[in-house]
K.L.:
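The structure's right below; bear with me while I get my questions together.
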Amino acid sequence: MPDLPPLTDPERAIYEWQMWVPGVGEQGQRKLKGASVLISRAGGLGGLVALELAAAGVGKLVLAHGGDLQPSDLNRQLLQTHDHIGKPRMDSIVRRLQELNPRCEIVGVAENVSAENAASLVAQADLVVDAAPLFQERLALNAAAMHAGKPMVECAMHTLEASVTTFVPGKTGCLACYVPEVPPTWKRQFPVFGAVSGTAACIGAMEVIKLITGIGETLCGELLSMDLSTMQFRKIRLPKRDDCAVCG
């Protein structure tokens, strides 16, 4: 990552403890500052990804999420507040992230990812995070990310189960390898605890941090599957499908 931005003395003070992590140091922190990340939906899952990345010092977050805040959002969307019910979600999302880290550039797009806007959104970031509840959004983002050659961290949850994986164009398969079209039985509303969303979100945020800094090992080509009802975690290999219409 050429032309990395320098750190200021206040930034060194804020990020000191994470720069002690082996392999990070000032160079790794400068990589985070110079990076940009697109997050599709900043709700119970994506909102926590954004919160962790802003706290870690990622320089720019592009957030795509439309609609107004509903009472049922408040059990998991921790960037929202009760007094914001009925108002655009994005206003609160941007405000809360800027309160946490005013040095982080927040680009709020008050619309959900679609086939029409996915490419323009992906073009604004170095890598993307998929945290959308609808497969129409997920597949549109996947296709745009693969076409642009940008890594995508895929985060999902349902009831007490969650999963995270990382797709890297040219190295792994993609979401369409396993879900080539929108499942006909999938519903927009489903059972959810905020703690399950948050678990997947923190792991997804760590995937982004590893991709940017180069530390550790990512879930590239592997799916981390979590059953929080029994606390069973397992990794599943995700081979690339040669006949995939998107990445094959």
Side-chain angles (χ1 to χ4, degrees), residues 15 18 31-33 35-67 69 73-80 89-90 92-101 103-113 118 121-122 124-134 137-138 141-142 144-145 150-158 161-168 175 192-213 215-216 218-220 223-226 228:
Y15 306 122
Q18 67 190 41
K31 288 180 180 180
L32 289 169
K33 184 177 181 178
S36 55
V37 180
L38 165 66
I39 302 175
S40 174
R41 295 289 192 116
L45 208 170
L48 267 292
V49 174
L51 194 69
E52 292 291 353
L53 294 182
V58 169
K60 178 181 177 182
L61 298 177
V62 182
L63 310 171
H65 197 146
L69 183 68
D73 294 331
L74 289 173
N75 82 316
R76 63 197 181 280
Q77 297 190 13
L78 302 187
L79 293 179
Q80 305 294 341
R89 291 186 181 94
M90 189 53 67
S92 181
I93 291 167
V94 172
R95 174 179 57 84
R96 299 263 278 172
L97 290 172
Q98 289 178 334
E99 288 173 349
L100 172 66
N101 187 351
R103 297 159 300 279
C104 179
E105 180 185 355
I106 309 295
V107 178
V109 180
E111 56 188 65
N112 299 328
V113 169
L121 288 169
V122 168
Q124 300 180 52
D126 300 319
L127 59 114
V128 303
V129 177
D130 178 22
L134 295 178
E137 299 168 55
R138 289 182 178 273
L141 186 68
N142 174 77
K150 296 181 179 181
M152 183 173 86
V153 175
E154 173 78 10
C155 304
M157 60 80 51
H158 188 281
E161 298 181 351
S163 63
V164 178
T165 189
T166 295
F167 298 121
V168 178
L175 179 61
V192 51
F193 268 109
V196 181
S197 296
T199 299
C202 288
I203 294 174
M206 198 61 235
E207 281 294 285
V208 173
I209 291 169
K210 288 187 291 183
L211 285 167
I212 294 171
T213 62
I215 64 170
T218 69
L219 288 167
C220 181
L223 177 76
L224 177 62
S225 176
M226 300 163 273
L228 300 189

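Along the sequence shown, residues are numbered consecutively beginning with 1. Basis for what follows: all heavy atoms, side chains included, without hydrogens, waters or symmetry-related copies.
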K.L.:
Is a side-chain donor or acceptor of D126 paired with a backbone partner of I212 at a separation under 3.5 angstrom?
P.N.:
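Not confirmed, D126 side chain does not pair with I212 backbone.
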K.L.:
Enter the distance from L127:CG to I39:CD1 here, rounded to the nearest 0.5 Å.
P.N.:
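L127 atom CG to I39 atom CD1 measures 9.5 Å (nearest 0.5 Å).
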K.L.:
Please evaluate residues L63 and I106 with respect to the criterion side-chain contact (heavy atoms from CB on, under 4.5 Å), reporting the C-alpha separation (whole Å), side-chain torsions for both, the decisive distance (0.1 Å), and the verdict.
P.N.:
CA-CA 8 Å; L63 310 171; I106 309 295; 3.9 Å; yes
K.L.:
Locate the shortest heavy-atom distance separating A132 from E137; write the atom from each residue and the value.
P.N.:
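Residues A132 and E137, closest heavy atoms: CB-OE1, 3.4 Å.
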K.L.:
Output the distance between atom CG (L224) and atom OG1 (T165), rounded to the nearest 0.5 Å.
P.N.:
9.0 Å
K.L.:
I need the L141 CG to N112 CG distance, nearest 0.5 Å.
P.N.:
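Between atom CG of L141 and atom CG of N112 there are 11.5 Å.
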K.L.:
Please tabulate, for the side chains in residues 201-209, all donor-acceptor contacts under 3.5 angstrom to protein atoms that are two or more places apart in sequence or on a different chain.
P.N.:
residue: E207; atom: OE1; partner: T166; partner atom: OG1; Å: 2.6
residue: E207; atom: OE1; partner: L219; partner atom: N; Å: 2.7
residue: E207; atom: OE2; partner: K210; partner atom: NZ; Å: 2.9
residue: E207; atom: OE2; partner: L219; partner atom: N; Å: 3.4

K.L.:
Under the side-chain hydrogen bond (donor to acceptor under 3.5 Å, both in side chains) test, which residues partner T199, sequence neighbours left out?
P.N.:
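Partners of T199 under the side-chain hydrogen bond (donor to acceptor under 3.5 Å, both in side chains) test: none.
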K.L.:
Quick one: does any side-chain atom of Q18 pair with a main-chain N or O of A56 as donor and acceptor, under 3.5 Å?
P.N.:
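Yes, the answer is positive, given that a donor and an acceptor are paired below the 3.5 Å cut-off.
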K.L.:
Taking the side chain as C-beta and beyond, is there a heavy-atom pair between S197 and L48 under 4.5 Å?
P.N.:
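A side-chain contact under 4.5 Å is absent here.
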K.L.:
First locate atom CG of L97, then atom SG of C104, and finally report the distance between them rounded to the nearest 0.5 Å.
P.N.:
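The SG atom of C104 is 7.0 Å from CG of L97, to the nearest 0.5 Å.
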K.L.:
From S36 OG over to K150 NZ, what is the distance, rounded to the nearest 0.5 angstrom?
P.N.:
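These two atoms lie 7.0 Å from each other.
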K.L.:
Output yes when a side-chain donor or acceptor of Q80 lies under 3.5 Å from a complementary backbone atom of R89, and no otherwise.
P.N.:
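The answer is yes, because a donor-acceptor pair under 3.5 Å joins these two groups.
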K.L.:
Can you list every side-chain hydrogen bond (donor to acceptor under 3.5 Å, both in side chains) pair that touches residues 44-67, not counting sequence neighbours?
P.N.:
none
K.L.:
Would you compute the distance between atom CD1 of I93 and atom CD of Q98 and round it to the nearest 0.5 angstrom?
P.N.:
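These two atoms lie 12.0 Å from each other.
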K.L.:
For K33, check salt bridge (charged side-chain N to carboxylate O under 4.0 Å, His left out) against everything at least two apart and list the hits.
P.N.:
E11
K.L.:
Which residues pass the salt bridge (charged side-chain N to carboxylate O under 4.0 Å, His left out) test with R95, not counting sequence neighbours?
P.N.:
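Applying salt bridge (charged side-chain N to carboxylate O under 4.0 Å, His left out) to R95 gives E99.
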K.L.:
Under the side-chain hydrogen bond (donor to acceptor under 3.5 Å, both in side chains) test, which residues partner N101, sequence neighbours left out?
P.N.:
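Partners of N101 by the side-chain hydrogen bond (donor to acceptor under 3.5 Å, both in side chains) criterion, ordered by chain and then number, come out as Y15, R103.
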K.L.:
For the pair C155 and V129, evaluate side-chain contact (heavy atoms from CB on, under 4.5 Å) and give the outcome as yes or no after the intermediate values.
P.N.:
CA-CA 7 Å; C155 304; V129 177; 4.3 Å; yes
K.L.:
Between the side chain of R96 and the main-chain N/O of L79, is any donor-acceptor distance below 3.5 Å?
P.N.:
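Pair found, side chain donor or acceptor close to backbone of L79.
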